[in-house]
There are 2 protein chains.
Amino acid sequence: MSIPARHPDIASRLGLSHLSPASADLLARGAREIVLPRGTTVFSPGQACPGWILVETGSVRVMMTADTGREILLYRVEPGESCLLTTSCLFGEEPYAATGQTETDVTALVLPASTVFHLVESEPEFRRLVFSGFGQRIGTILKTMEDAIFHRIEPRLARLLLARADAEGKLDATQADIASDLGSAREVIARHLGRLADEGILAKDRGHITILDRAALARLAAE
Amino acid sequence: MSIPARHPDIASRLGLSHLSPASADLLARGAREIVLPRGTTVFSPGQACPGWILVETGSVRVMMTADTGREILLYRVEPGESCLLTTSCLFGEEPYAATGQTETDVTALVLPASTVFHLVESEPEFRRLVFSGFGQRIGTILKTMEDAIFHRIEPRLARLLLARADAEGKLDATQADIASDLGSAREVIARHLGRLADEGILAKDRGHITILDRAALARLAAE
DNA sequence: AGGGGTCTGTGACTAGGTCACACTGAGATC
DNA sequence: GATCTCAGTGTGACCTAGTCACAGACCCCT
């Protein structure tokens, strides 16, 4: 009698083609697929790390939250990516230092810590999967922080608007969303947007912004 | 004719006792010891990473620097430690995102990237050495950043003074030193120190500070 | 039509960063 | 010993950002 593999395609979905049969089996037995509705808090500060997570569809917003309620976006975890903090929290045996929240409905693979430790020890391919992007991600976070600590809001806001806008220059975001991405306060964003609208650089609407003068905004972004 | 090992004790100095003979040899051949006088810039933003560094004596200050000249201390690398940014920069193949500068005379071991990659692949013990403290260090940096972005200077200054002072409450630091640790401006520190001195909490002297009322300072630190 | 929640606008105030410049003290040089 | 130099410090004026309080606008829902 043959035992059907629970997840016959897990290894290939992770892009792993050279696992030993024992490792492939361990992976197939350990992996669970989870579905998280939009707005779910995946982890929060002080929590221990339950396992290693790889996002398959949707995106998770990872942010730092202050006691005052202000928060700042550290990065997003997009499909095919794993989360720096989850990895470092797993290996450092430290609790999470930030909050993760689904921005959309999310499906993800979860591997128990023991499986991850074992595979990292024995499978070079898996090791690369886990640690890939580590350096880039740390660089991104440091850049974000540098921006928040040393630079003025206006150019940072301009860059965010340019990055988020679609081809027609439209983006959906409330002032609170923007403030939380930038680590600023809603009122501050309101004033800057107000001034930019007065100058004809953009148009505002409840929950939506339209960029009218991309060139002018790009000049502000370059400051 | 026997070839003398260049650094017969490198492995044991790194606390590695279970290396294969081939790995031990690779390590001994690759490792170089460097001596850096106080004030040397070890790395700076944009540089590629020349190899992996482990500090043996002295300490290296790792800081983020803004174009305005303001800077903030990320962490110090003390004896027996390696540098998070060096490791992540090596594995992420990204340039450095910060500046490292020796605070004292420093002796350190340097391993070429190829040696590190090889040993990380083949030696679990070495792998643990390289990645140990990764999680803790990331946590520390995030905490520092959170403090700088969301919290007021006064309690942060109070915590720094308490942490740096010796048993008699004395510490050697200029206002510029303190500002650079906190990611603030010298003038801001001057004003806060001035007020604390007026209140009798501390005494100032060119390059030196003496804490007079530890309890009061601790109350401010707790805010 | 009314009501509650979300989103936005704004004034008043405080904290912190920037700029400019003056002052002080300690070691170096004559 | 006088004075020169320079790192370190003190301070006012001004600007940006964050906080607090509150009002008004919009949206969906019944």
Side-chain angles (χ1 to χ4, degrees), chain A residues 38-39 64-72 144-161 171-199 202-210 220-221 223, chain B residues 38-39 64-72 145-161 170-199 202-210 220-221 223:
Chain A
R38 178 195 158 94
M64 222 166 52
T65 312
D67 36 15
T68 60
R70 260 169 74 206
E71 53 187 41
I72 183 169
T144 303
M145 301 287 193
E146 180 183 333
D147 234 31
I149 296 176
F150 296 126
H151 297 320
R152 289 185 315 111
I153 294 282
E154 194 181 80
R156 297 174 56 212
L157 172 60
R159 283 195 287 274
L160 179 145
L161 294 175
L171 64 151
D172 293 355
T174 66
Q175 297 178 350
D177 291 340
I178 296 174
S180 138
D181 271 23
L182 296 180
S184 178
R186 206 264 313 156
E187 299 90 318
V188 174
I189 303 304
R191 276 163 200 144
H192 282 279
L193 287 178
R195 205 167 34 66
L196 293 176
D198 288 349
E199 292 172 4
L202 52 80
K204 292 175 301 172
D205 187 20
R206 207 185 156 83
H208 311 276
I209 294 170
T210 308
L220 293 178
E223 262 177 38
Chain B
R38 176 195 159 95
M64 219 164 55
T65 311
D67 36 15
T68 60
R70 262 169 71 206
E71 52 187 42
I72 184 169
M145 300 286 194
E146 180 184 332
D147 234 31
I149 296 175
F150 295 128
H151 297 321
R152 291 187 312 112
I153 294 282
E154 194 179 81
R156 297 174 57 212
L157 173 60
R159 283 195 288 274
L160 179 145
L161 293 175
K170 289 178 190 300
L171 65 149
D172 293 355
T174 66
Q175 298 178 350
D177 291 341
I178 296 174
S180 139
D181 272 23
L182 295 180
S184 178
R186 206 263 313 155
E187 300 89 319
V188 175
I189 303 304
R191 276 162 198 144
H192 282 280
L193 287 178
R195 205 167 33 65
L196 293 176
D198 289 348
E199 291 172 5
L202 52 79
K204 293 174 301 173
D205 188 18
R206 214 182 151 82
H208 310 277
I209 294 171
T210 309
L220 294 178
E223 257 176 42

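The figures that follow rest on heavy atoms only: side chains count, while hydrogens, waters and symmetry mates do not. Throughout, a chain's letter reflects where its sequence line sits, starting with A, and its residues are numbered from 1.
Here C:dT14 presents its P atom at 15 Å from CD of B:Glu154, a figure rounded to the nearest Å. The nearest whole Å value for the distance from the CG atom in B:Leu157 to the P atom in C:dA15 is 15 Å. Atom-to-atom, CG of A:Leu193 to P of C:dC7 comes out at 15 Å; the value is rounded to the nearest Å. Counting to the nearest Å, the C1' atom of C:dT10 and the CD atom of A:Gln175 are 12 Å from each other. Separating the CG atom of A:Asp172 from the P atom of C:dT6 is a distance of 18 Å, rounded to the nearest angstrom. Between the CZ atom of B:Arg195 and the C1' atom of C:dG16 there is a distance of 13 Å, given to the nearest Å. Taking atom CG of residue B:Leu220 and atom P of nucleotide C:dA15, one finds them 13 Å apart after rounding to whole Å.
Contact annotation for A:Gly194: no contact, since no heavy-atom pair falls under 4.0 Å across all strands. Among the heavy atoms of the strands, none lies under 4.0 Å from B:His208. At a threshold of 4.0 angstrom between heavy atoms, the contacts of B:His151 with the nucleic acid are absent.
Contacts of A:Arg159 classified as side chain to side chain donor-acceptor pair (under 3.5 Å), with partners at least two apart in sequence or in another chain: A:Asp147. Taking A:Glu187 as the reference, A:Ala185, A:Arg191 meet the side chain to side chain contact (heavy atoms under 4.5 Å, CB included) condition, with sequence neighbours excluded. Not counting sequence neighbours, the partners of A:Glu199 by the side chain to side chain contact (heavy atoms under 4.5 Å, CB included) test are A:Arg195, A:Leu196, A:Ile201. With sequence neighbours excluded, the residues forming a side chain to side chain contact (heavy atoms under 4.5 Å, CB included) with B:Arg70 are A:Ile149, A:Phe150, B:Thr68, listed by chain and number.
Counting heavy atoms from C-beta on, the side chains of A:Arg152 and A:His192 never come closer than 4.5 Å. Side-chain contact check for B:Leu193 versus B:Leu161: some heavy-atom pair is nearer than 4.5 Å. The side-chain heavy atoms of A:Leu220 and A:Pro155, taken from C-beta on, include no pair separated by under 4.5 Å.
Nucleotides of DNA chain D that come within less than 4.0 Å of any heavy atom of chain B span, from the 5' end to the 3' end, D:dA7 to D:dA13.
DNA chain D is contacted by both A:Ser184 and B:Ala173; B:Ala173 maps to the nucleotide lying nearer its 5′ end (nearest heavy atom per residue). Between B:Val188 and A:Ala176, the one whose closest nucleotide on DNA chain C sits nearer the 5' end is A:Ala176. The residue among A:Gly183 and B:Gly207 whose nearest nucleotide of DNA chain D is located toward the 5' end is B:Gly207.
Neither side chain, B:Ser180 nor B:Asp177, offers a donor N or O lying under 3.5 Å from an acceptor on the other.
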Every protein N/O within reach of nucleotides 20-27 of chain C N/O, cut-off under 3.5 Å:
from: C:dT24; atom 1: O2; to: B:Arg206; atom 2: NH1; distance (Å): 3.3

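For the atom pair OG1 of A:Thr144 and CZ of A:Arg156, the computed distance is 8.5 Å after rounding to the nearest 0.5 Å.
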